[in-house]
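Worksheet: the structure to be examined is printed underneath.
Given the structure is predicted, the values throughout are model-derived calculations rather than measurements. This chain uses plain numbering: 1 for the first residue, then up along the sequence.
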Amino acid sequence: MINKDLSIDFVGVHFENPFCLSASPVGNCYEMCARAYRAGWGGITFKTISPDSEKIDEVSPRFNELTKEDTPFVAFNNMEQLSERTVAQNCADMKRLKAEFPTKVLIASIMAASEDDLTELARQVTAAGADIIELSMSCPQTSNAKMGAEVDEDPDLCRQLTEAVKRGSDLPVIAKISPNLSSMVPAVKGCLAGGADGFSLIDTVRSVTDVDLEKNVALPNINGKSAVSGLSGKAVKPIALHFLQELRSAAGLEQLPIAGIGGIETWEDAAEYLLMGATTVQVTTAIMQYGYRIVDDLKNGMMHFMEEKGVDHLSDLVGLANKNVVPTSQLDRDYKVYPKIDWDKCIGCGRCFISCQDGAHQAMGWDDEKRLPTFDKSKCVGCQLCALVCPVHAIKLGLVEMKPGRKGDPDKIDVGSQRLPRYHSVQN
């Protein structure tokens with residue numbers, strides 16, 4: 001059995017492992033958070049506390065899933081709001097959690113429209129034993145000039161709210177940033193000017209997932225009406241990784257401490273976040289689907305990954321991929337990669353032929369007699385669409401050739417794979 005040290009430091013706080021609950025229904029009360037700690041999670045972000053909890057009145061139903069064939073939770077849509085419990089109840093739960101699990105990390109998520117309220121909330125969660133304060137500024141279900149979806153659009157407001165939290169506590173403060181922006185850099189710089197120590201991203205993406213074609217209403221259907229709400233799950237991971245890259249490659253932000261959120265379901269997902277610059281990761285949607293138990297797979301898989309990489313310290317993985325994401329103008333265009341068909345695997349379904357004819361450059365033809373695809377190298381541009389659509393992976397990256405008049409050694413060109421290696425069979 002492989003046993004690697006998964007501990008890591010984030011904004012000056014030591015985590016026994018990087019896997020945390022994000023601020024959401026999965027960390028709503030003492031009982032839930034205690035179960036998560038016992039299951040092995042390194043930290044929890046308590047569901048967001050606000051001074052207006054008594055005014056929160058949830059709709060029913062408030063969840064919807066986006067599916068693809070037999071794959072559930074490709075994306076998850078929710079209208080969940082902030083904690084419905086009072087500040088006093090939540091602080092009592094946090095105090096109890098910290099007393100019983102002193103080595104686990106407790107992150108208090110807070111949100112308020114008033115700077116004075118934020119300062120007071122920061123003071124109270126600090127007294128309750130929180131290790132870190134997460135300033136939530138981007139909940140898409142909350143629309144207020146100083147609270148929720150629009151805050152991140154105003155860097156100066158980001159600064160003011162961060163300063164308000166810092167006035168109430170000497171704990172590290174991480175700001176949770178919305179993905180509903182063209183760029184996160186202005187918001188991040190505003191928070192840094194206010195004293196932020198780190199960031200968590202991304203929050204959910206504004207969305208409408210499905211529309212009922214019979215009733216002409218988006219889902220979830222709340223008595224004939226719906227609303228734009230927050231999308232999470234697998235579908236948002238590419239958006240989150242994009243923003244990680246944006247921030248970790250921006251001048252002066254290359255070492256920015258970030259907790260990654262969005263579509264983390266497997267240890268491979270978590271590893272991608274670390275390689276793209278996250279130090280810790282937060283999970284909700286996968287827990288809602290599979291339960292707290294998934295942390296065993298996350299930890300076990302990450303230890304095997306560290307062993308494979310020859311890494312003893314998790315921090316050595318953070319940001320390794322950032323340098324390899326470059327502007328498209330800097331990509332090597334001197335060579336072409338042709339597909340290679342494994343005829344023993346080919347089932348003659350015609351997917352590659354149809355996709356190439358209707359969506360690419362007509363390099364794939366069709367032999368009616370043999371009921372098999374054909375390949376015309378002279379028409380191929382090396383896009384690899386055929387390999388991506390093949391349902392049995394019979395098409396792989398094949399011959400690498402230099403374009404006419406271009407220099408280079410084809411044998412030294414690393415084209416990798418069009419498909420990620422997935423190690424779902426990792427054993428203890």
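- When side chains are defined from C-beta on, D93 does not count as touching C33, because their heavy atoms never get closer than 4.5 Å.
- The closest side-chain heavy-atom distance from I294 to I287 is below 4.5 Å.
- Legend: residues meeting side-chain contact (heavy atoms from CB on, under 4.5 Å) with D316, ordered by chain and number and at least two apart, are V311, H313.
- A salt bridge links K98 and D131; the closest N-O separation between the charged side-chain nitrogens and carboxylate oxygens is under 4.0 Å.
- At least one donor-acceptor pair closer than 3.5 Å links the side chain of N17 to the backbone N or O of G40.
- Shown here for Y338 and C380, the closest heavy-atom pair between the two residues is CD2-SG, 3.8 Å.
- Annotation for H361: atom NE2 does not count as buried by contact number, only 12 or fewer foreign heavy atoms lying within 6.0 Å.
- Here the closest non-hydrogen pair linking M94 and A108 is SD-CB, 3.9 Å.
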- Run the side-chain hydrogen bond (donor to acceptor under 3.5 Å, both in side chains) check on S114 and D116 step by step: do they pass? CA-CA 5 Å; S114 158; D116 289 341; 4.8 Å; no
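- Scored by the side-chain hydrogen bond (donor to acceptor under 3.5 Å, both in side chains) test, T119 finds no partners at all (sequence neighbours excluded).
- Crowding of K340 atom NZ: a count of heavy atoms from other residues, nucleotides or ligands under 6.0 Å not exceeding 12.
- Remark: K95 pairs with no residue by the side-chain hydrogen bond (donor to acceptor under 3.5 Å, both in side chains) rule, at least two apart or across chains.
- Within the 3.5 Å criterion, the main-chain N or O of S22 finds a donor-acceptor partner in the side chain of S24.
- The side-chain contact (heavy atoms from CB on, under 4.5 Å) check on Y335 picks up D332, V337, V400, M402, I413, V415, with sequence neighbours excluded.
- Across Q282 and A259, no two heavy atoms sit closer than the pair NE2-CB, 3.8 Å.
- Here the side chain of Y273 pairs a donor or acceptor atom with the backbone of G262 at under 3.5 angstrom.
- Scored by the side-chain contact (heavy atoms from CB on, under 4.5 Å) test, E214 finds D212 as partners (sequence neighbours excluded).
- Taking the side chain as every heavy atom from C-beta outward, M306 and L314 approach each other to under 4.5 Å.
- Looking at heavy atoms from C-beta onward, L171 lies out of side-chain contact with V13 at the 4.5 angstrom threshold.
- With Q330 contributing its side chain and P327 its backbone, the two residues share no donor-acceptor pair below 3.5 Å.
- Note on ring orientation: taking the six-membered ring where Trp is involved, the planes of F19 and W41 are perpendicular (angle over 60°, cut-offs 30° and 60°).
- With sequence neighbours excluded, the residues forming a side-chain contact (heavy atoms from CB on, under 4.5 Å) with E120 are R123, Q124, listed by chain and number.
- Using a 4.5 Å heavy-atom cutoff, the side chains of W267 and D297 are not in contact.
- S182 and F243 make their closest contact through O-CE2, 4.4 Å (heavy atoms, listed as atom of the first residue, atom of the second, distance).
- In this structure, T285 and G233 approach most closely via the heavy-atom pair OG1-N, 3.5 Å.
- Interatomic distance, Q255 CD to L247 CG, rounded to the nearest 0.5 Å: 13.0 Å.
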Pairs of donor and acceptor atoms involving the side chains of residues 215-223, under 3.5 Å and at least two apart or interchain, shall be tabulated with distances.
from : atom 1 : to   : atom 2 : distance (Å)
N221 : OD1    : N223 : N      : 3.4
N221 : OD1    : G224 : N      : 2.6

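- Evaluation of the side chain to side chain donor-acceptor pair (under 3.5 Å) test over residues 239-252, restricted to residues two or more places apart or in two chains, returns S183-E246, Q245-N322.
- Looking at residues two or more places apart in sequence or on another chain, you find a side-chain hydrogen bond (donor to acceptor under 3.5 Å, both in side chains) between R159 and D156, E163.
- You'll find the side chain of L21 stays beyond 4.5 Å of the side chain of T45, heavy atoms only.
- A salt bridge between K237 and E265 is absent, with no side-chain N of the basic residue lying under 4.0 Å from a carboxylate O of the acidic one.
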Using a 3.5 Å cut-off and no angle test, enumerate the donor-acceptor pairs between side-chain atoms of residues 184-201 and protein atoms at least two apart in sequence or in another chain.
from : atom 1 : to   : atom 2 : distance (Å)
D197 : OD2    : K166 : NZ     : 3.0
D197 : OD2    : V173 : N      : 2.8
S200 : OG     : E134 : OE2    : 2.8

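- A 4.5 Å side-chain heavy-atom check between C91 and V87 finds at least one atom pair inside the cut-off.
- Proximity of E115 to L161: side-chain heavy atoms (C-beta onward) are separated by under 4.5 Å at one or more points.
- For the ring-ring contact (aromatic ring centres under 6.0 Å, His included) condition, the pairs that include at least one residue of residues 87-127, sequence neighbours left out, are Y37-F101.
- Every residue two or more places apart in sequence or in another chain was checked for a side-chain hydrogen bond (donor to acceptor under 3.5 Å, both in side chains) with R35, and none qualifies.
- Residues S109 and T48 approach most closely at OG-OG1, 2.7 Å, considering heavy atoms.
- Atoms NZ and OG, from K176 and S136 in turn, are 5.5 Å apart once rounded to the nearest 0.5 Å.
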